[in-house]
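Encoded as structure tokens, the structure appears first; notes follow it.
Lettering follows sequence order; numbering is per chain, from 1. These numbers come from a predicted model, not from an experiment.
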Amino acid sequence: MLDQGFIRENIELVERGAKAKGEKVDLKLFSELDQRWRRLLAQRDGLKHQRNVASKRIGELIRDGKGAGDEIAEMKGLSQRIKVLDEEVKGIEGKLREVMLSIPNLPHESVPRGGGDEDNVVVKTWGEKPSFDFPPRDHLQLGELLSLFDFSRGSKLAGSGFPLYKGLGAQLERALINFMLDLHTGKHGYLEVSPPFLANRGCMEGTGQLPKLEEDMYLCEHDDLFLIPTAEVPLTNLHRGEVLEGDRLPLKYVAYTPCFRREAGSYGKETRGFLRVHQFDKVELVKFCRPESSYQELEELLGEAEEVLRLLGLAYRVRLLCTGDLSFAASKCYDIDVWAPAEGKYLEVSSCSNYEDFQARRAGIRFREGGKVRFVHTLNGSGLATARLLVALVETYQTKEAEVLLPPPLRPYLGGRERIG
RNA sequence: GGAGGGUUAGCCUAACUGGUAAGGCAGCGGACUUGAAAUCCGCCGUCCCUUAACGGACUUGGGGGUUCGAGUCCCUCACCCUCCGCCA
């Protein structure tokens, strides 16, 4: 959410930003409501002032043993008028909030203008795409031959899109998670958190999943709790409604959690195998920092996520998303795509975003510095999502004999094993 | 699930049978000082009055009610603590 005063004073800027993102906003309605709201506020506050003064006098009269019948009768009418105005103000505030919730965060000046995928800018590619002297198998074939996954039994338990890992497949998944957690806690200085996998509505509003994405999430109705679609939710909400100490920023958290997404309405080719599932594992990085350093922090976050792929020796590219592909709440976002040789395409394994104070304002996350209280900037990025990472890993390191060689950094996590198969 | 107690500003703590939130700590700015400590003054949640000054409204976990007036009384929801029950 943007600040009401900021929108008021920067109507054109907000309009341009929303347009660049392809979001429709009604700023005319905003201005109308905002003006009416301020007018009513002045009127109502004046009456309230009268009431406060009179009430004080009534109190004094009564204490002195004098009657206050006339004054009280008069105040009754005034209170009625205040009540009417109060309701009107509340009505307008409701509408105003609705309009403001529909206004997206503004893209940062460094974000390229554009409408869609073709306007995203590849800012980096790393590693060699592997070539094979045999026809490479895709991850489904490899998984079958090596007994790493069991999609049909996963479906039996919970439906399609719920993968089941087994044997070395399950161990490999666990190894990747531990490898990434150790990297981010050890080398990059993140504090590991193991949060609840369910979160309440307040959290979902804080990070912006609600009200828009309710249909994309799993809800436990009895308790009105949502299964988290990403660890961004619990990690960012860790400090919801708090005032942080400025000299302790930036705060850096990492968590492994499963992620649950209904992704209602997405079917077809993209859903095969691990490419799009309802439950997947992810290691997530979240930072809280002061506004001045958030873009530098974003570059660092990106580098820390990239390092996972570099250490694993997997080819990847980094794309800077254009305004049209930027999510509602983000100011700037890089996607990291890993190369999956048998799929013959890049798979998105991370989005690293700076939200500036958009989430912080919604979630009430502030910091104290120099006697003042300001909103922090929040950032997050996957570091990384394992399902697609696993796809790239087994496809990249496969041999003609349908083995999978393990890159050295992973071996300690699999008891020193060098290959699967 | 049952019973009781609690939630006051960044933190801690007050407020008679309803009378309009008092203090303390920490922090920031200033005065004093060679410097520091101590002391004193101001600031230290949100919003409105176009800006500033001045002023005003709101803020005692959220929402609602009674009242001229609610931290205080009533209803409701959330969370925390204690005990009981259940349980890995």
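Ionic pairing of A:D34 and A:R8 is present here: one or more N-O contacts between side-chain nitrogen and carboxylate oxygen are shorter than 4.0 angstrom.
Remark: A:K212 qualifies as a cation-pi partner of A:F328 under the 6.0 Å distance and 45° angle criteria applied to the six-membered ring.
In this structure, A:F288 has its ring center under 6.0 Å from that of A:H239. Less than 6.0 angstrom separates the ring centroid of A:Y295 from the ring centroid of A:H108.
Nucleotides B:C54 and B:U66, compared at atom C1', are 37 Å apart to the nearest Å. Distance check on atom C1': B:C58 versus B:A21 gives 14 Å, rounded to whole Å. Taking atom P on both B:U46 and B:G10, the two are 9 Å apart, rounded to the nearest angstrom. Across the P atoms, B:C28 and B:C83 are found 41 Å apart, a figure rounded to whole Å. Taking atom P on both nucleotides, B:G64 is separated from B:U82 by 32 Å, rounded to a whole Å. Nucleotides B:G4 and B:G56, compared at atom C1', are 43 Å apart to the nearest Å. Rounded to the nearest Å, the gap between the C1' atom of B:G62 and that of B:G71 is 15 Å. With both ends at atom P, the span from B:G19 to B:A70 equals 11 Å, rounded to whole Å.
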**Request:** List the protein contact pattern of nucleotides 64-72 of chain B with one symbol per nucleotide (5' to 3'): B for base contact, S for sugar-phosphate-only contact, - for none; contact means a heavy-atom distance under 4.0 Å.
**Result:** S-S-BS---
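By the 6.0 Å contact criterion, CD on A:E242 is enclosed, its count of non-hydrogen atoms from other residues, nucleotides or ligands being greater than 12. Around atom CD of A:E205, more than 12 heavy atoms belonging to other residues, nucleotides or ligands sit under 6.0 Å away.
RNA chain B is contacted by both A:Q50 and A:R366; A:R366 maps to the nucleotide lying nearer its 5′ end (nearest heavy atom per residue).
In this structure, CZ of A:R201 is placed 16 Å from C1' of B:G63, rounded to the nearest angstrom. Distance, A:W37 CH2 to B:C48 C1': 7 Å, rounded to whole Å. Distance CG (A:L85) to P (B:A57): 15 Å, rounded to an integer number of Å. Distance, A:E88 CD to B:A57 P: 20 Å, rounded to whole Å. At whole-Å resolution of the value, CG in A:D86 and P in B:C48 are 17 Å apart. Remark: C1' of B:U46 and CZ of A:R374 are 17 Å apart, rounded to the nearest angstrom. Taking atom CD of A:E242 as the reference point, atom P of B:U7 lies 20 Å away to the nearest angstrom. If you measure from atom CD1 of A:I365 to atom P of B:U46, you get 16 Å, rounded to the nearest angstrom.
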Within the sub-3.5 Å range, which N or O atoms of nucleotides 49-56 of chain B have a protein N or O partner, and how far apart are they?
| unit_1 | atom_1 | unit_2 | atom_2 | d |
| --- | --- | --- | --- | --- |
| B:C49 | OP1 | A:R38 | NE | 3.4 |
| B:C49 | OP1 | A:R38 | NH1 | 2.7 |
| B:G56 | O3' | A:H49 | ND1 | 2.9 |

With 3.5 Å as the limit, what N/O pairs link the protein to nucleotides 73-76 of chain B?
none

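Across all strands shown, B:U50 remains unpaired; no Watson-Crick or G-U wobble contact has both distances below 3.5 Å. With both pairing distances under 3.5 Å, B:G27 is matched to B:C43 as a Watson-Crick or G-U wobble pair. Under the Watson-Crick and G-U wobble criteria, each requiring two contacts below 3.5 Å, nucleotide B:U82 is paired to B:A3. With a cut-off of 3.5 Å on both pairing distances, the Watson-Crick or G-U wobble partner of B:G19 is B:C68.
Looking only at distances, no side-chain donor or acceptor of A:S147 sits under 3.5 Å from a matching main-chain atom of A:G143.
Relative ring orientation between A:F162 and A:Y218 is described as tilted, the plane-to-plane angle lying within the 30° to 60° band. Between A:H184 and A:H188, the ring-plane angle classifies as tilted under the 30° and 60° cut-offs.
Judged by distance alone, the side chains of A:K282 and A:T257 never bring a donor and an acceptor atom under 3.5 Å apart. Using a 3.5 Å distance cut-off with no hydrogens or angles, the side chains of A:Y190 and A:E304 do pair a donor with an acceptor. Side-chain contact annotation: A:N380 with A:T378, donor-acceptor N/O pair under 3.5 Å absent.
When each of A:H377, A:R240, A:E232 is paired with A:Q359, the side-chain hydrogen bond (donor to acceptor under 3.5 Å, both in side chains) condition holds for A:E232 and for no other.
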